Novice: 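Structure incoming, see below.
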Amino acid sequence: MNLKLFKPIVMMQLKEKIDLSYLKSKKQTIANVVFGILKFIMVVVFAYLLFSFSRDYNVFSLIRYVPVSVVTVIFAVMFTLSTITCTFSLMQNLYFAKDNAILLTFPVTPNQVFLSKLIVFYIYELKKNITFLVPMFIGYGLITGFPILYYLWLLVAFVFISALSVSIGALLSIPFMVVAQFLKQRKYLQVVLFAGIMVGVFYLLIKIIALIPANINIIGTWGTLFWQIQDFLNAFIVNFKVFYDLVIMITGTRSGFIFTSFSQQTFITFGILVFTIISILGLSFLLTRPLFFKMASTPFEYKKNAVLIPKNNKVRSKFISSLRKEFIINLRTPDLLFSNFSVFAMLPIAIFLLNKIYSAMNTGLLGQYMTLSFNVLIILLILLSTNSIVASAYSKEGGSSYLIKTKPATYHISLLAKLIFNLCLMTLSLVMTMVIFKITNNLPIGDIILFFFAMLFIYVGHLFWSAEMDIMNPQTEQYATTGGHSNNPNENKSNLFAFLLAFLFFIVSLLLFTEGITVAWIKVMCIALAFMIARIYLFFAKVQVYYKEV
C-alpha cells in the first residue's frame, strides 16, 4: 500500500467528518483543546458523583460498593447504541455517499478507498468513546480505588473495543442496505412500516406509563425494590455475558474487597476480542468490499429512471410554492419524517410520564414549584432539540443551495419556507402537551395559556437562532460530497444553546414561582417574548447583510 496516496484520501474524509478548521488558528486550537479537556473532566466528575451517590446510599449493594454489573449495563447500552449508529452511518457512506465516484477516480485501488472509509469511522468512534465511555470508567475507577495501571490499560482496551463496533457496523451494513434499497423502491411500504412502528411504540409507552401506581412509596417498598434490582443485574450479566466479560477485561476480577487488574481471564478475553475483530473485518472485507465497489462505480446513466406522471401546472404565489415544496420534502424524506414525528409524539408522552410520577407523590408548596419548573425543563429540552434539524436545513440542499439566490423572489421567502413545517408540527405537539398538562394538573386555564405562549416564544426564538447558524456557517460542501454530516458544528451549537436555554428558564421559573404562579408565567412569557423578538430581528438583519440586500 502506497501511504503517500492513501493518507490524503483518509485526511480528506476525516476533515469532512470531524471539524478540523480550528487547526488553522493557534488561538482556536488552544481554545478547542481546553474546551475538550474541560468537557472530558465534566463527564468524569458526573460519573464519579453518580457512582459515589450509589455507593454511599447502598443503591446497588448492601455494602459501600458499586458492582461491576452496574457498569456492564451502562456499557452495554452505550456500545449497542454506538454500533447501531455506526451501522447506519457506514451504510450511508459505503453505498449511498456521493463522494464514492470521486474517490474511485483517484490513483488508489478500490480496496484502499473501502479501507479508508473504515479507518475514518474508526477514528471517529474512538474519539466518541474517549469522550463518553472512557470518562465513565475513569469515574468508576476513582470511586473504587483502582491503581494507575488500570487507567493506562483502559485506553489500550478501548482502542480495540472501538474497532469492534466499527467492524460489526461494517458487516451489518449489508442487510441494512438491502432493506433500505427495498424500501426506497416501495414508498407506500415505508409509510405503512413507519406508521406501524410509531403507533406500536407509543401505544406500548402509554400502557407502561398507565401502570404507574397512584401512590409511590419508594422508602416503604425499598426492600422489595432493592432485590428486584439485584435480580435484574444478575440476569443481565448472565444473558449478556459478552458485555460482562469485556467490562471484567477492563476492570479486572474482584475477590472480596480486592481487585486483580490482570488475570488469566483478562488475557483470554482480550485474545478473543482481537480474534473476533480480525474475523469480522475479514468477513466484512470479503462480503462488503465487492458490493461497495459495484454500487460506487455504477454510472448514474444505468440507474433506473423514475416514471414521471405529467400534471397540469398550477399557478401559486411565491411563498405558497416554496412552502409546498418544503412540506413535500419533509413528508417524502424518511429520515426527516421519522425524526420530526418521533419528537412530535415524544414530547406529550414525556410530560404525561413526568406528571404521572409527580401526581403519585405527596409534595408541599416547594415541591409543586419544583414540579412546574421540571415541566419547563423537560418541555424545552425536547422542544428545542428539534431545532438541530433547522441548523442544517439550508446546508442539506448541498450543490442546490445556490438556487435560493437565483429564484425570482426575495431571499426571505425561501428561507422562511424551510422553517414553517417544523414550526407547525412542534406547535401542534406543544398544544397536545398543554392538554395533557392540564389533565394531570389542577391549574387554571389562564395559567396554561400563559405557559403555552412562554414555551412557544422560546422555541421560535431558538428556531430562528438555529437557522441563522446554518446561514452564517454553511456546510454545503459536506452534504454535496457525502450526502450527510455526522458532526455538523451548527447542529452541535444548536443543541448546546438548547441545553443552556432550558436550564436557564428552569432556574428563572423556579425563582419566580415564589411570587405566585400566574405572576411567574407572565414574567417568563415576557422574557421569552423579548428573546424571540431579538432573535428574529438578528436573523433578518444578518440575512440582509449575508445576501447583500440593501
Side-chain angles (χ1 to χ4, degrees), residues 319 322-323 326 343 347 372-373 375-394 404 409-431 433-434 446-473 490-491 493-513 515 517-550:
F319 180 72
S322 298
L323 190 61
E326 297 303 328
V343 180
L347 179 58
L372 293 174
S373 297
N375 274 276
V376 171
L377 177 64
I378 298 301
I379 288 175
L380 288 180
L381 283 175
I382 298 175
L383 194 63
L384 300 186
S385 67
T386 62
N387 287 333
S388 62
I389 299 174
V390 177
S392 59
Y394 305 113
I404 294 177
T410 60
Y411 305 134
H412 303 98
I413 289 178
S414 298
L415 295 175
L416 286 176
K418 282 191 171 294
L419 309 180
I420 301 300
F421 180 86
N422 293 74
L423 178 60
C424 293
L425 189 67
M426 297 318 300
T427 301
L428 182 59
S429 178
L430 189 58
V431 170
T433 302
M434 291 298 116
D447 288 350
I448 302 294
I449 293 173
L450 292 172
F451 185 20
F452 167 77
F453 280 107
M455 299 298 97
L456 182 63
F457 291 158
I458 299 169
Y459 168 72
V460 174
H462 186 256
L463 176 80
F464 277 90
W465 197 359
S466 300
E468 176 194 311
M469 294 176 195
D470 192 35
I471 292 173
M472 303 309 296
N473 184 29
N490 299 324
E491 292 180 352
K493 288 181 182 178
S494 176
N495 287 325
L496 175 62
F497 288 126
F499 181 82
L500 294 176
L501 282 171
F503 271 92
L504 175 63
F505 278 93
F506 164 73
I507 295 171
V508 169
S509 63
L510 185 60
L511 294 174
L512 291 176
F513 281 138
E515 302 177 10
I517 295 177
T518 303
V519 174
W521 285 136
I522 292 174
K523 289 185 176 181
V524 171
M525 187 185 69
C526 290
I527 296 172
L529 179 61
F531 168 72
M532 181 186 71
I533 293 173
R535 291 319 318 178
I536 292 176
Y537 170 77
L538 289 172
F539 173 82
F540 285 110
K542 290 187 178 182
V543 164
Q544 184 173 346
V545 174
Y546 184 79
Y547 286 106
K548 293 182 174 59
E549 276 195 358
V550 180

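Being a predicted model, the structure only gives us computed values, none of them experimental.
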Novice: Can you find a heavy atom in the side chain of Val460 that is under 4.5 Å from one in the side chain of Ile536?
Specialist: yes
Novice: Run Ile527 and Phe505 through side-chain contact (heavy atoms from CB on, under 4.5 Å) and show every step you take.
Specialist: CA-CA 9 Å; Ile527 296 172; Phe505 278 93; 3.9 Å; yes
Novice: Take atom CZ in Phe497; do more than 12 heavy atoms of anything else shown fall under 6.0 Å from it?
Specialist: yes
Novice: Can you find a heavy atom in the side chain of Leu372 that is under 4.5 Å from one in the side chain of Phe513?
Specialist: yes
Novice: Does any part of the side chain of Phe451, heavy atoms only, come nearer than 4.5 Å to the side chain of Val524, both counted from C-beta?
Specialist: no
Novice: Give the intermediate values and the outcome of side-chain contact (heavy atoms from CB on, under 4.5 Å) for residues Val376 and Leu510.
Specialist: CA-CA 9 Å; Val376 171; Leu510 185 60; over 6 Å; no
Novice: Looking at every heavy atom in both Thr386 and Asn422, which two are closest together, and how far apart are they?
Specialist: O-ND2, 4.5 Å
Novice: Verify, without hydrogens or angle tests, whether His462 (side chain) and Ser494 (backbone) share a donor-acceptor contact under 3.5 angstrom.
Specialist: yes
Novice: Taking Asn473 for its side chain and Met469 for its backbone only, find out whether a donor-acceptor pair lies under 3.5 Å.
Specialist: no
Novice: Output, in order, the C-alpha distance, side-chain angles, deciding distance and verdict of side-chain contact (heavy atoms from CB on, under 4.5 Å) for Tyr459 and Asn387.
Specialist: CA-CA 8 Å; Tyr459 168 72; Asn387 287 333; 3.3 Å; yes
Novice: Taking the side chain as every heavy atom from C-beta outward, state whether Ile471 and Lys542 have any atom pair closer than 4.5 Å.
Specialist: no
Novice: Do Asp470 and Ser392 pass the side-chain hydrogen bond (donor to acceptor under 3.5 Å, both in side chains) test, and can you show the C-alpha distance, the side-chain angles, and the key distance before you say yes or no?
Specialist: CA-CA 6 Å; Asp470 192 35; Ser392 59; over 6 Å; no
Novice: Going by heavy atoms in the side chains, are Leu450 and Ile522 under 4.5 Å from each other?
Specialist: yes
Novice: With a 4.5 Å limit on heavy-atom distance, are the side chains of Leu381 and Phe506 in contact?
Specialist: no
Novice: Please verify the inter-ring angle class for Phe539 with Phe464; under 30° counts as parallel, over 60° as perpendicular, anything in between as tilted.
Specialist: perpendicular
Novice: Are side-chain heavy atoms of Ile379 and Met434 found at a separation under 4.5 Å?
Specialist: yes
Novice: Could you pull out the closest heavy-atom pair between Ser509 and Ser373, with the gap in Å?
Specialist: OG-OG, 3.5 Å
Novice: What orientation do Phe457 and Phe453 show, parallel under 30°, tilted 30 to 60°, or perpendicular over 60°?
Specialist: tilted
Novice: Can you find a heavy atom in the side chain of Leu501 that is under 4.5 Å from one in the side chain of Leu380?
Specialist: no
